[in-house]
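It should be emphasised that the depicted structure is a prediction, and the values quoted were computed from it without experimental measurement.
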Amino acid sequence: MTVGSVETVPTCAYPGCEMPAEAPAPGAQGPAPHFCPDPEHNSLGAFRKIRAKRQQRKEDKRVATEAKKAAKRAAKEGQAPAVEQQPWPAASAETPATGTTSGTETAPPASEQDTASEQDTASEQDTASEQDVVVAQDVDGEMAALMAMTTAEGDRAAQSRDALVALIEQLVTELPGYIEELAVITDSAAAEARIETVTRACAQRILAAEGRAALAEEAGDMAVAALDAAQEKFTEETTAIREETARQVADAEFVRAELERYRERVSTLEVRLDAVRDEADELRRERAARPTADQGQPRPAGR
């Protein structure tokens with residue numbers, strides 16, 4: 001009896017999201033998607049979510065540390081009156097000539113000062129250890145997220161060795177950045193310097209973007225002006241062409257009317273020419289018939 005394998009559906013790599021990851025497109029190559037169809041669930045959003053949680057944990061730790069310090073300070077202030085009521089040794093009552101003889105102004109014993117300093121040192125060490133724990137938890141969270149993404153890619157890509165090697169190389173490449181970020185987090189001066197540098201870079205980018213926008217706007221205005229001038233010129237040329245065409249059409253109509261009139265005159269002249277030809281033919285026939293009649297008549301005497 002064999003047990004069938006159950007295919008597990010990978011979930012979204014976004015922190016706190018339990019939706020299944022988006023299915024890869026048919027025929028698509030490369031690693032499968034790690035996030036659900038939500039547009040805000042991506043690598044950058046996951047990093048920001050982890051960073052926000054880290055900042056929230058740091059803030060909670062800081063508030064808790066300050067509360068502990070305040071409680072210790074209040075406890076120390078509550079113990080101070082009881083210590084002042086205790087009788088001091090006889091040797092401490094005698095002060096030098098340069099000092100004061102009042103019992104209330106005498107400094108507390110060295111053992112109490114050592115105890116207070118030890119408590120402050122212990123609280124500072126606790127604060128430092130808590131900050132180290134927070135930083136370690138943040139690094140562990142980021143490494144866990146990276147490992148989860150690596151596992152999801154391995155499952156969806158049939159545990160490809162090339163993908164795993166690429167992820168390891170990417171982790172090795174990004175590890176110095178995380179170490180540097182860890183150093184920056186623990187160093188407030190470096191964090192402020194980095195924030196100032198990023199702010200200046202953003203301001204420079206904003207100025208450059210505004211300059212490019214102004215240039216683009218000016219170029220757009222110039223293009224619109226050139227387009228208006230070209231349109232006006234085109235309108236003028238079109239109007240001139242229409243007027244010239246109308247004038248040529250009028251001239252053609254005039255020439256056509258003159259041609260028709262000349263044709264009518266030519267027809268009239270042809271009719272008159274035919275009539276003149278007929279008259280000429282008639283005269284020629286009459287002249288041809290006249291000599292014959294003259295020969296048949298007798299000539300007068302003496303001629």
Side-chain angles (χ1 to χ4, degrees), residues 11-19 21-22 25 28 30-67 124 127-150 152-153 163 166-226:
T11 58
C12 179
Y14 190 83
C17 182
E18 298 180 355
M19 295 292 294
E22 186 177 4
H34 310 304
F35 300 94
C36 63
D38 192 344
E40 295 182 357
H41 290 187
N42 48 33
S43 300
L44 181 59
F47 176 74
R48 289 177 176 174
K49 185 72 173 179
I50 293 173
R51 185 171 61 183
K53 288 184 177 180
R54 181 177 59 196
Q55 294 294 337
Q56 185 63 31
R57 287 198 298 268
K58 287 181 63 179
E59 185 66 21
D60 294 342
K61 292 292 184 181
R62 187 183 64 81
V63 172
T65 303
E66 291 180 355
E124 291 178 357
T127 303
S129 62
E130 289 175 356
Q131 291 180 354
D132 294 338
V133 170
V134 171
V135 172
Q137 290 178 355
D138 296 338
V139 175
D140 292 340
E142 294 180 359
M143 293 296 293
L146 290 175
M147 292 302 295
M149 294 175 64
T150 305
E153 288 185 358
L167 288 174
I168 293 174
E169 292 178 354
Q170 182 180 0
L171 180 61
V172 172
T173 304
E174 294 178 354
L175 186 58
Y178 287 111
I179 295 175
E180 182 181 359
E181 186 176 357
L182 182 61
V184 171
I185 290 172
T186 56
D187 189 358
S188 60
E192 291 178 358
R194 184 175 180 182
I195 291 172
E196 184 177 0
T197 302
V198 172
T199 304
R200 290 180 180 177
C202 292
Q204 292 178 357
R205 290 181 181 178
I206 290 172
L207 290 176
E210 289 178 353
R212 289 194 297 268
L215 291 176
E217 186 175 359
E218 185 178 357
D221 294 338
M222 293 176 62
V224 170

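Looking only at side-chain heavy atoms (C-beta outward), Arg62 and Lys58 stay at 4.5 Å or farther from each other.
In this structure, NZ in Lys49 is found 14.0 Å from CG in Leu44, a value given to the nearest 0.5 Å. Here NZ of Lys61 is found 9.5 Å from CZ of Arg57. Values are rounded to the nearest 0.5 Å. Note that the CE atom of Met19 and the SG atom of Cys12 stand 9.0 Å from one another [nearest 0.5 Å]. With values rounded to the nearest 0.5 angstrom, Thr65 atom OG1 is found 10.5 Å from Asp60 atom CG.
A 6.0 Å sphere centred on CZ of Arg48 holds no more than 12 heavy atoms belonging to other residues, nucleotides or ligands. Annotation for Glu40: atom CD does not count as buried by contact number, only 12 or fewer foreign heavy atoms lying within 6.0 Å.
What you find for Phe35 and His41 is that their closest heavy atoms are CB-O, 3.2 Å. Of all heavy-atom pairs spanning Pro33 and Ala21, the tightest one is O-CB, 3.7 Å.
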